[in-house]
Participant: 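After the structure tokens below, expect a handful of questions from me.
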There are 2 protein chains.
Amino acid sequence: MKKKRPTLQDVAERVGVTKMTVSRFIRKPDQVSDSLRDKIQHALDDLGYIPNRAPDILSKSKSHAVGVLLPSLTNQVFAEVIRGIETVLEPEGYQTMLAHFGYSQELEEQRIATLLSYNVDALIISESQHTLKAQKMLENAGIPVIEIMDSTSTSPLNIIGINNSAAAREMTQTMINHGHRNIVYFAARMDERTLQKIAGYKQAMTANGLTAAVKETQSASSFTLGAKFLEEVLSEYPNIDGIFCTNDDLAIGALYACQKKGLRVPEDIGIAGFHGHDIARAMVPLLATVVTPREEMGRLAAQQLLKNIHGEARHASVIELAYEIECGESIRKIQIKKN
Amino acid sequence: MKKKRPTLQDVAERVGVTKMTVSRFIRKPDQVSDSLRDKIQHALDDLGYIPNRAPDILSKSKSHAVGVLLPSLTNQVFAEVIRGIETVLEPEGYQTMLAHFGYSQELEEQRIATLLSYNVDALIISESQHTLKAQKMLENAGIPVIEIMDSTSTSPLNIIGINNSAAAREMTQTMINHGHRNIVYFAARMDERTLQKIAGYKQAMTANGLTAAVKETQSASSFTLGAKFLEEVLSEYPNIDGIFCTNDDLAIGALYACQKKGLRVPEDIGIAGFHGHDIARAMVPLLATVVTPREEMGRLAAQQLLKNIHGEARHASVIELAYEIECGESIRKIQIKKN
DNA sequence: CAAAGTGTTGTTAGCGGTAACATTACCACA
DNA sequence: TGTGGTAATGTTACCGCTAACAACACTTTG
């Protein structure tokens, strides 16, 4: 017995005009005579009319919604990206349609189709290995698409991201400069970005005549995983004197585990993280980390999309954002002069 | 010159049938003759047909999307709630439409209308003070609505949440039991839940003949804010020997600040947080905190909505989830026997 | 005073699917 | 051989809104 939502027709009948007049009142009130305005407004309020976007989406294929497709929501990083996106879209009256695909290519393909089926006006998608069909859908979608996270992606889409391998290389070099030699990389969730970082780490190690070693798992990172890795690595690599983690969670977990075992950071083991979450700047010792512009990435992506939606030229572009090596206390084993 | 997305009509023309046949092929392939199946499938692939939900949404007023309306995305807590929601909705083929309103009642009202204008099939909304109009919209929406976060809400909607004031009262009592007396409450972002917690804290303090004191700010909480509060509070309340924070961020920030100042935790100052993020279980000392079922709250809300959508009776109900007092090292000043 | 505005409201058609009903072709059986 | 059944496909109408055009009642103007 639930009553349906009132339509323009319902409002119009109550006032004694056609729905067209009511429609005009809502969108261009000055085209409606004074005598009707009050009556219509009254009927609108009275019935609790809420516009229905479906017809408009159907006839114009514009939804005023933007699809955001990410591998996972478990990750703090993506939460911040989303925030950046929403910060920009919301004041512009755009709705965010969120989806994730749990790092599965097939699911990603499905999600893309789903988002498109809602007629999203644009798509923000995390860099990843797309299926052929997914790639084709994105190219033929006829809407702006931006791939975020990795500036070195070879995708033909618009790209906004950072150079993960360069960042990892630089941080590894920084650790080496500070006297760390036997640095082990802690990796989790072996996605494209993690692989990039590992590559950068290995480059730096090799360039310095050092041996690279990676501890890895497919599962997601967490504080407790960092602690677990630390336990294991101590027996696997007894000479270890440095740990570079694929993100801050692992690093902080490892750091706490060191504290519990009485290992001094950075004297016995240097520890560095990745992403530069707020906590890295508050903790003791301050965590060395690569500060990445996560929220900014979301903001820029959203801004770019809005421009494209509003008809600005859509030549595929690559925007590489800067990261920052934050040389926190956790790796400052020896003082060095600026190189 | 961008080509429009192909429609069923386009596919049908290529095959030489009507769109109805193609529509049938997609939904009930066994009603289409063998001879056509291959041809249609081919045309579908060839044109890269992607279904369009708009017509269906229009004619059935069902979108297979669920609106999620939260005050903010800055908050880690909400990120986890969202994850819980998505965990349930995504496998069921429901899309999440995310919106936030920055703690503004007017914006909240607008967002509700927007989500409804997309014909969402259900709505999950964070407990908050709604405007009258918002309240009315929610009640008349004709779709399941669940309010989450606070089980003591007086709203007439379905509710899933925890009892924030009871939780705060209990944690305060636990700190008192462990020998803390001059406990100051650190509050941020003075929303309904924070006010509830403060009330619970005050009850416990008063019940024990102690004086309540609250440090507060309208801005969002963060690690650095916790550190800042700690600095200030030391001069404002020289006798302070305990801090109860409205969330873990503040608590951890304060704890680090103590470590930097050489204050011992819990001997000099006991510190407790709220929510029980993963890090609380990894850090040194282990943080006392109220563990709340954030992700579960999202999951349950989503499950309940799905049931309602599928026609199950929709009598307004209140589900109060359990929290857990985690008596971490950070408040264990004196050993006590179990009360 | 007719022609040409002007301001206001109405009418029609269409967006892309699908439910419901109609049609057609073919076959089986009395 | 005609009747009825069935499987495959087609036709029509509708969901709610708005662009485009039409209609009407007044004014204004030459």
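FYI, side chains are in, hydrogens and waters are out, and symmetry mates aren't considered; it's all heavy atoms of this structure.
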Participant: Both A:Val17 and B:Thr7 contact DNA chain C. Taking the nearest nucleotide for each, which residue is further toward the 5' end?
Facilitator: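 Per heavy-atom nearest nucleotide, the more 5' residue is A:Val17.
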Participant: From C:dT9, C:dC15, D:dT18, pick the nucleotide closest to the side chain of A:Arg24?
Facilitator: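 The answer is C:dT9, which lies nearest to the side chain.
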Participant: Does any N or O donor sit under 3.5 Å from an N or O acceptor when you compare the side chain of B:Arg27 with the base of C:dG17?
Facilitator: no
Participant: Between A:Lys62 and C:dC15, is there a contact of a side-chain N or O with OP1 or OP2 at under 4.0 Å?
Facilitator: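 For A:Lys62, the contact criterion (side-chain N or O under 4.0 Å from OP1 or OP2 of C:dC15) is not met.
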Participant: Expressed in angstrom and rounded to an integer, what is the separation of B:Leu116 atom CG from D:dG16 atom P?
Facilitator: 16 Å
Participant: Before accepting this row, confirm whether a basic side-chain N of the pair B:Lys19/B:Glu13 lies closer than 4.0 Å to the acidic partner's carboxylate O.
Facilitator: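 Looking at B:Glu13 together with B:Lys19, the answer is no, because their closest N to O distance does not fall below 4.0 Å.
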Participant: Please state how far atom CG in A:Asp30 lies from atom C1' in C:dT6, giving the value in whole angstrom units.
Facilitator: 14 Å
Participant: Here's a test of your reading of the structure: between B:Gly16 and A:Leu8, which maps to the more 5' nucleotide of DNA chain D?
Facilitator: B:Gly16
Participant: Counting side-chain heavy atoms from C-beta on, which of C:dT9, D:dT18, D:dG16 comes nearest to A:Asp56?
Facilitator: D:dT18
Participant: Looking at the side chain of A:Thr21, which of C:dG10, C:dT18, C:dC15 is the nearest nucleotide?
Facilitator: C:dG10
Participant: For the residue pair A:His310 and A:Tyr94, does the interplanar ring angle fall in the parallel (under 30°), tilted (30 to 60°) or perpendicular (over 60°) class?
Facilitator: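 Because their plane-to-plane angle is over 60°, the rings of A:His310 and A:Tyr94 count as perpendicular.
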Participant: Once you round it to whole Å, what is the distance between C1' of C:dT18 and CZ of B:Phe25?
Facilitator: 17 Å
Participant: Using a cut-off of less than 4.0 Å, is there contact between a side-chain N or O of A:Tyr49 and OP1 or OP2 of D:dC17?
Facilitator: yes
Participant: Give a yes or no on this: more than 12 heavy atoms of other residues, nucleotides or ligands lie within 6.0 Å of atom CG of B:Asp38.
Facilitator: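 For B:Asp38, atom CG is not crowded (no more than 12 foreign heavy atoms under 6.0 Å).
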Participant: Could you check whether B:Ile57 gets within reach of a base, just the sugar-phosphate, or nothing at all, counting any heavy atom under 4.0 Å?
Facilitator: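 B:Ile57: no heavy atom of the nucleic acid under 4.0 Å.
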Participant: CD1 of B:Ile26 versus C1' of C:dG17: gap in Å, rounded?
Facilitator: 10 Å
Participant: Using the side-chain heavy atoms of A:Lys19, tell me which of these nucleotides is nearest: D:dC17, C:dG16, D:dC15.
Facilitator: D:dC17
Participant: Would you kindly give the NZ-to-P distance between A:Lys60 and C:dG14, to the nearest whole Å?
Facilitator: 16 Å
Participant: Quickly work out the B:Asn119 CG to D:dC15 C1' distance and round it to whole Å.
Facilitator: 10 Å
Participant: To the side chain of B:Leu58, which of D:dC15, D:dG10, D:dC17 is closest?
Facilitator: D:dC15
Participant: Could you go through B:His130 and B:Glu109, starting from their C-alpha distance and side-chain angles, then the distance that decides it, and tell me whether this counts as side-chain hydrogen bond (donor to acceptor under 3.5 Å, both in side chains)?
Facilitator: CA-CA 7 Å; B:His130 314 304; B:Glu109 182 182 304; over 6 Å; no
Participant: Could you give the CD-to-P distance, from A:Gln9 to C:dT11, as a whole number of Å?
Facilitator: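 Rounded to whole Å, this separation is 11 Å.
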Participant: Taking OP1 and OP2 of D:dT9, is either one under 4.0 Å from a side-chain nitrogen or oxygen of B:Ser33?
Facilitator: yes
Participant: Ion pair present between B:Arg53 and B:Asp56, side-chain N to carboxylate O less than 4.0 angstrom?
Facilitator: no
Participant: Going through the checks in order, is the salt bridge (charged side-chain N to carboxylate O under 4.0 Å, His left out) test met by A:Arg193 and A:Asp191?
Facilitator: CA-CA 6 Å; A:Arg193 287 165 291 287; A:Asp191 61 10; 3.4 Å; yes
Participant: Rounded to the nearest angstrom, tell me the gap between atom NZ in A:Lys28 and atom P in D:dC17.
Facilitator: 16 Å
Participant: So which nucleotide from D:dT9, C:dG17, D:dC17 ends up closest to the side chain of A:Asn52?
Facilitator: D:dC17
Participant: Given C:dG17, C:dC15, C:dT8, identify the nucleotide with an atom nearest to the side chain of B:Pro55.
Facilitator: C:dG17
